[in-house]
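Notes follow the structure.
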Amino acid sequence: MDLPKHYDPQAVEPRLYLLWERNGYFHEEPDPARPPFIICMPPPNVTGRAHLGHGSTFTPMDVLTRYHRMLGENADWLPGTDHAAIATEAVLVKELAREGLRRDDLGRERFVARAWEWSRTYGGEIEAQFRRLGFGPDWQRSRFTMDEGLSAAVRRVFVQLYREGLIYRGTRLINWDPSGKTTVSDAELEYIERDGNLWRIRYPFSKDGTDGGIDIATTRPETMLADVAIAVHPRDPRYADAIGRRVWLPPLLERSIPVIADEAVDPEFGTGAVKITPAHDPLDYEVGTRHKLPMPAVIDLDARITGADVGVGPYAGLDRFAARDRIVEDLRAHGLLVDVQPHRHSIATSERTGDIVEPLLSLQWFVKMAPLAKPALAAYRDGRVRFVPERYGRTYEHWLENIRDWNISRQIWWGHQLPVWYTPDGREVVAESEAEARELAQKQFGTSELTRDTDTLDTWFSSGIWPFSILGWPEETMELRCWYPSQVMITGGEIIFLWVARMVMLGLYFMHRVPFPNVLITPTVFDEVGRKMSKSIGNVIDPMVLAEKYGADAFRLSILRQMRLESQEIRYQESRCEEARNFNNKIWNATRYMLALPEGLPSAMTLPAETSLTPADRWILTRLQTTIVMIGKLLDGYDFGNAAETIWRFIWYEFCDWYLEATKAEQNRVTRAAVLSFVWNNAMRLLHPLAPFISEEVWLALPHDGETIVTAAWPDPLEFPAFPAEARNFELLQKTVERVRNLRAEIGVHPRDRVILDVPASVPEALAALLALLATATIEPRGSAGESLEEALEGVSVRAPRAVLEERYRKQVQHLQSEIDRGERKLSNEAFVARAAGSVVAKEREKLDAYRAELARVEAALRALKEPA
RNA sequence: GGGCGGUUAGCUCAGUGGGAGAGCGCUUCCUUGACACGGAAGAGGUCACAUGUUCAAUCCAUGUACCGCCCACCA
């Protein structure tokens with residue numbers, strides 16, 4: 001064999017992936033005869049790129065799908081992409097701007113065509129990146145939220161919810177993103193802490209200001225143009241006399257507004273009096289509704305001051321922030337600005353565009369959430385939906401308990417256009433197609449002249465039905481029957497509201513079952529000092545670069561090993577990739593060793609007769625069995641970090657460091673090739689879900705059944721024998737080897753020079769031979785010592801200068817004495833003996849006895865040393 | 001303001017009611033016929049602080065400090 005000394009993932013990974021996909025290993029058909037294992041991929045933005053976050057959510061999905069496929073289940077990972085309405089539209093608008101165009105210059109049809117083109121051009125990229133990372137979803141089933149089938153499902157859902165009274169159109173206070181020129185849902189707001197000012201402003205009782213007035217505090221003076229009242233707390237003595245009076249509205253002083261009392265006012269904050277602007281503030285909107293106040297607007301969709309509803313004097317047409325400055329200036333000039341204080345507060349911004357969101361009154365479409373939330377809460381409370389880690393369930397619960405109606409209409413063009421039409425006199429017709437709408441309109445309103453609503457739906461509307469829409473709903477497909485619900489949803493904590501809760505609500509409503517029984521929330525990936533990855537800090541790590549540098553397997557292992565069930569963050573260190581690359585190299589070289597064995601590997605994967613197995617064989621088979629059981633349990637519990645750690649330890653520290661070294665002993669020559677290939681084949685299968693490429697490459701190079709490891713069977717611990725008692729003997733031998741090596745280092749023996757060991761005759765020959773090999777020693781048989789193997793091995797002594805041995809024995813005596821003291825102290829404590837569990841006390845006694853016995857032996861050795869030979 | 005995490009070796013992090021662990025980094029030795037992307041041997045920690053529960057606390061409870069995440073209309 002002439003394999004390179006270093007494993008080269010770049011030469012292996014793309015080649016194997018191509019093979020897997022071509023041969024359709026990731027594809028699966030619904031099969032009611034086998035248990036399903038389905039994962040719906042959270043659809044990434046169609047034009048997005050892979051980032052580290054995909055590492056922590058998509059790698060586990062791939063791991064689980066591969067694992068369950070190997071278990072023989074009907075496993076399929078259903079992929080797809082999302083049209084990402086606002087994000088895509090924003091990019092296109094920006095692109096147009098560079099060409100000196102605006103959206104309207106193009107017109108809806110051409111704009112949407114361009115969006116399609118853009119999605120197709122860049123749409124394949126993220127999927128190509130996922131392939132490079134070894135992710136193996138069933139690409140043949142890939143869906144796009146805008147494709148025909150899913151669009152039809154969206155229309156069906158909308159129409160049905162509308163007809164059942166759960167979708168309505170109404171004028172409500174919504175969040176307006178002035179730069180995206182669209183509404184944004186509550187869940188898509190991002191609150192940012194900012195330094196601003198708190199202005200105190202005098203609202204005088206008389207126009208000339210001679211009669212005093214009320215001071216209020218505000219952070220947004222420009223909205224005062226739309227004030228309709230001043231509110232105070234009903235029991236605030238300072239304002240008791242003011243309630244019911246009127247004050248003049250600065251700075252124009254052209255109209256007066258009432259002073260009202262409302263419990264919502266906090267007397268402690270500011271001046272205890274608050275201006276009420278129902279059209280531009282959520283709380284004020286509630287107060288306004290309670291008190292039936294008028295709701296004039298003064299900020300328009302361009303975030304400019306408008307005088308459409310109410311006089312705004314010279315401020316008309318000004319940008320909101322320019323207006324703020326002007327108004328403050330004018331207030332100051334009129335002596336109505338009482339005070340300005342710096343004030344840190346949080347501002348609502350749009351997650352997508354980053355612009356400061358304006359609360360505005362607007363006629364929009366909404367989903368009534370309360371009736372949908374109730375069953376979704378019940379499903380969580382009775383355990384039909386479970387979160388891992390559990391604590392995220394409370395986040396879900398809390399949000400659903402305080403849910404508000406969901407504004408679903410967006411004023412953008414890229415997305416699912418509302419299936420809503422209007423008659424010339426403005427009556428609405430909701431239908432799945434234009435033809436149906438006309439028919440309906442004719443029947444109900446006697447006209448077929450219709451105009452379609454120009455709005456599109458919130459992106460999350462189509463993602464909310466993802467778990468069943470991608471299975472062909474509303475058609476009754478085989479997929480839908482076998483694969484709904486899926487087994488687990490894996491995603492980041494930031495979209496529990498945006499997505500997870502909505503899938504549960506809509507899944508329950510349309511499919512009458514939760515879309516998944518388990519929700520696994522993966523940790524957020526930060527940089528190594530705990531900062532969010534961001535372009536502006538420049539700490540973004542690109543997984544593609546890592547895959548290029550270290551290999552996709554290394555990248556996957558680096559992420560998996562850092563995952564812990566309960567943790568909410570990963571501080572990602574690139575050095576983890578390097579470690580994993582080294583690990584892969586270790587695997588590669590162990591394989592090279594096996595392939596270079598002079599006797600060659602057997603052609604089939606079979607173990608030698610049990611009686612011929614050596615102590616080392618018995619030990620590694622036992623360890624393999626334990627490892628298989630452990631990894632199965634860990635993967636079943638989504639504990640990827642410990643699963644990765646477990647296979648890592650087995651391969652490196654047990655298989656390579658010990659077993660493989662032991663096979664260099666003469667005694668192992670007969671069985672080693674078969675055992676090596678058997679254990680390694682199993683180890684590769686255990687590793688495959690985590691590191692699919694190298695495991696396949698090695699598996700194919702070894703004796704194996706079948707054409708690919710992808711569809712190979714998961715290792716079965718009952719398929720081969722284990723020898724727990726003999727495995728323990730090997731472990732005692734390991735301890736002895738370590739003891740000898742330690743002494744060698746202390747004596748300063750050159751690693752290649754042999755030391756002489758006096759070995760009691762009661763140590764079995766096979767173990768003595770291993771000891772000679774692993775400790776680089778020459779064995780001198782000596783009279784027997786003790787009965788148990790443990791005692792016999794403890795009797796192994798190294799021939800070394802007396803001073804070194806003496807020093808060592810002294811240290812040992814010291815250590816043993818301190819352990820004995822501790823044990824004696826404990827056992828002489830009456831309270832301990834009386835109250836501690838019997839087993840604990842017994843264990844303590846055993847330990848003490850063992851230490852005493854060992855001390856006696858060491859002291860005897862020490863004495864023997866001092867006696868002249 | 002509320003809720004939830006975290007604080008363990010220089011760094012990143014596991015872990016357990018009864019003798020403190022890993023990887024990297026560091027020190028020493030070793031190119032022994034798989035691998036220097038390697039092997040062997042080591043050094044290094046009052047487990048944030050305080051109080052309590054317990055025979056026993058790094059682990060449980062309460063509080064404090066600091067770091068972080070999520071939620072919230074405090075104008």
Side-chain angles (χ1 to χ4, degrees), chain A residues 1 3 5-7 191 198 216-220 223 231 264-266 268-277 281-287 343 345-346 348 359 389 391-392 394-395 398-399 402 493-494 496-497 524 526 528-532 550 554 561-562 564 566-573 575-576 578-598 641-642 645 648-649 653 656-657 660-661 664 737-738 741-746 748-752 775-776 818-819 822-823 826 829-837 840-841 843-844 847 851:
Chain A
M1 287 295 156
L3 296 172
K5 276 166 85 167
H6 291 285
Y7 174 62
Y191 287 89
L198 189 62
I216 61 90
T218 182
T219 55
R220 294 190 303 156
T223 63
V265 179
D266 175 7
E268 304 295 314
F269 188 88
T271 61
V274 57
K275 65 192 218 43
I276 299 299
T277 322
D281 183 274
L283 178 66
D284 293 3
Y285 177 75
E286 281 173 30
V287 175
H343 181 65
H345 58 131
S346 65
R391 63 186 127 88
Y392 289 108
R394 289 194 286 278
T395 307
H398 183 256
W399 188 70
N402 299 288
E494 71 282 358
I496 291 175
F497 318 127
T524 315
F526 295 93
E528 58 189 342
V529 289
R531 298 173 303 183
K532 248 183 181 133
Y550 305 101
R561 279 184 76 215
Q562 290 181 76
R564 268 336 114 149
E566 288 296 321
S567 76
Q568 62 186 16
E569 65 172 59
I570 289 177
R571 295 193 176 190
Y572 191 82
Q573 307 177 87
S575 64
R576 291 292 188 138
E578 210 175 312
E579 289 170 32
R581 180 208 52 195
N582 296 353
F583 174 67
N584 290 333
N585 198 53
K586 189 79 181 172
I587 291 172
W588 180 247
N589 278 293
T591 309
R592 280 181 50 200
Y593 168 78
M594 287 176 228
L595 294 174
L597 289 177
N642 282 311
E645 210 62 43
W648 186 292
R649 278 169 198 288
Y653 305 119
C656 290
D657 283 355
L660 203 141
E661 288 306 318
K664 293 172 182 174
V737 170
E738 277 162 359
R741 283 174 178 168
N742 173 289
L743 255 172
R744 291 176 56 103
E746 271 176 48
V749 180
H750 188 277
R752 263 180 300 174
T776 319
S818 79
E819 291 293 347
R822 197 185 53 79
K826 230 169 170 177
N829 180 349
E830 282 167 34
F832 171 70
V833 180
R835 305 227 191 174
V840 172
V841 178
K843 208 169 132 195
E844 204 60 43
K847 278 191 324 199
Y851 282 132

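Order of the sequence lines sets the chain letters (A, B, ...), proteins ahead of strands, with each chain counted from 1. Values below: all heavy atoms of this structure, side chains included; hydrogens, waters and symmetry mates excluded. These numbers come from a predicted model, not from an experiment.
Atom P of B:rG25 sits at a distance of 27 Å from the matching atom of B:rU16, rounded to the whole Å. Comparing B:rG5 with B:rC11, their P atoms are spaced 25 Å from each other, to the whole Å.
Counting any heavy atom pair closer than 4.0 Å across all strands shown, A:Lys847 reaches a base atom. Residue A:Ser567 is classed as a sugar-phosphate contact, given heavy-atom separations below 4.0 Å to backbone atoms only. Among the heavy atoms of the strands lying under 4.0 Å from A:Leu660 is at least one base atom, whether or not backbone atoms are also near. Nucleic acid contact for A:Asn829: sugar-phosphate only, since backbone atoms but no base atoms lie under 4.0 Å from a heavy atom of the residue. Using a 4.0 Å heavy-atom cutoff across all strands shown, A:Ala231 reaches no nucleic acid atom at all. Contact annotation for A:Arg649: backbone-only contact, meaning every heavy-atom pair under 4.0 Å involves sugar-phosphate atoms and none involves a base. When heavy atoms are screened at a 4.0 angstrom cut-off, A:Asp284 is found touching no nucleic acid atom at all. Among the atoms of the strands shown, base atoms are found under 4.0 Å from some heavy atom of A:Lys586. The residue A:Arg220 sits apart from the nucleic acid: no heavy atom pair falls under 4.0 Å. Nucleic acid contact class of A:Glu494 (heavy atoms, under 4.0 Å, all strands): none. Looking at heavy-atom distances under 4.0 Å, A:Arg581 makes contact with a base. As judged by a 4.0 angstrom heavy-atom cut-off over every strand, A:Val833 is placed among residues making no nucleic acid contact. Backbone-only contact: A:Glu579 has heavy atoms under 4.0 Å from sugar-phosphate atoms and none from a base. Residue A:Lys826 is classed as a base contact, given a heavy-atom separation below 4.0 Å to a base.
Here B:rC55 is the nucleotide among B:rG68, B:rC55, B:rA75 with the atom lying nearest to any side-chain atom of A:Phe832. Between B:rC73, B:rC13, B:rA36, one nucleotide has an atom nearer to the side chain of A:Arg571 than all others, and that is B:rC13. Closest to the side chain of A:Phe269, from the set B:rU12, B:rC35, B:rA75, is B:rA75. For A:Val274, taking side-chain heavy atoms from C-beta onward, the closest of the listed nucleotides B:rU12, B:rA75, B:rA22 is B:rA75. Side-chain proximity of A:Ala831 to the nucleotides B:rG23, B:rC55, B:rC70 is greatest for B:rC55.
The base of B:rA34 lies close enough to the side chain of A:Lys664 for a donor and an acceptor atom to sit less than 3.5 Å apart. Taking only distance into account, the side chain of A:Arg592 never meets the base of B:rC35 through a donor-acceptor pair shorter than 3.5 Å. In the interface, the side chain of A:His6 is paired with the base of B:rC37 through a donor and an acceptor atom under 3.5 Å apart. Evaluation of atom-type donor-acceptor distances gives a pair under 3.5 Å for the side chain of A:Glu661 against the base of B:rA34.
In this model, the phosphate group of B:rC4 is not approached by any side-chain N or O of A:His398 to a distance below 4.0 Å at OP1 or OP2. Residue A:Asn582 places at least one side-chain N or O closer than 4.0 Å to OP1 or OP2 of B:rG38.
The distance from atom CZ of A:Arg741 to atom P of B:rC30 is 17 Å, rounded to the nearest whole Å. When the P atom of B:rG21 is taken as reference, atom CH2 of A:Trp648 falls 22 Å away, rounded to whole Å. Distance CZ (A:Phe497) to C1' (B:rC71): 6 Å, rounded to an integer number of Å. As rounded to whole Å, 6 Å separates atom P of B:rG15 from atom CZ of A:Arg564. The separation between A:Arg391 atom CZ and B:rC71 atom C1' is 15 Å, rounded to whole Å. As a whole-Å value, the separation of A:Glu566 CD from B:rU16 P is 11 Å. A:Arg752 places its CZ atom 18 Å from the P atom of B:rG39, with the value rounded to the nearest Å. Atom NE2 in A:His750 sits about 5 Å away from atom P in B:rC30, given to the nearest Å.
Although no hydrogens or angles enter the test, the distance criterion places a donor-acceptor pair under 3.5 Å between the side chain of A:Arg744 and the main chain of A:Thr776.
The CZ atom of A:Arg561 sits 5.0 Å away from the CZ atom of A:Arg576 when rounded to the nearest 0.5 Å. Taking CD of A:Glu578 as the reference point, atom CG of A:Asn582 lies at 6.0 Å (rounded to 0.5 Å).
Using a 4.0 Å cut-off between a side-chain N of Lys or Arg and a carboxylate O of Asp or Glu, A:Asp284 and A:Lys275 do not qualify as a salt bridge. Ionic pairing of A:Glu844 and A:Arg822 is present here: one or more N-O contacts between side-chain nitrogen and carboxylate oxygen are shorter than 4.0 angstrom.
Checking B:rU31 for Watson-Crick or G-U wobble geometry (two distances, each under 3.5 Å) identifies no partner in any strand. Of all nucleotides present, none satisfies the Watson-Crick or G-U wobble test against B:rU16 with each distance under 3.5 Å. When both distances must be under 3.5 Å, the Watson-Crick or G-U wobble mate of B:rC26 is B:rG42. Nucleotide B:rG1 forms a pair with B:rC71, judged by Watson-Crick or G-U wobble geometry with both contacts under 3.5 Å.
For the pairing with A:Phe583, the ring-ring contact (aromatic ring centres under 6.0 Å, His included) check across A:Tyr653, A:Trp588, A:Tyr7, A:Trp648 returns one residue only, A:Trp648.
For A:Arg592 and A:Asn589, the side-chain atoms include at least one donor-acceptor pair closer than 3.5 Å.
Cation-pi geometry between A:Lys664 and A:Tyr593 is satisfied (NZ or CZ under 6.0 Å from the ring centre, within 45° of the ring normal).
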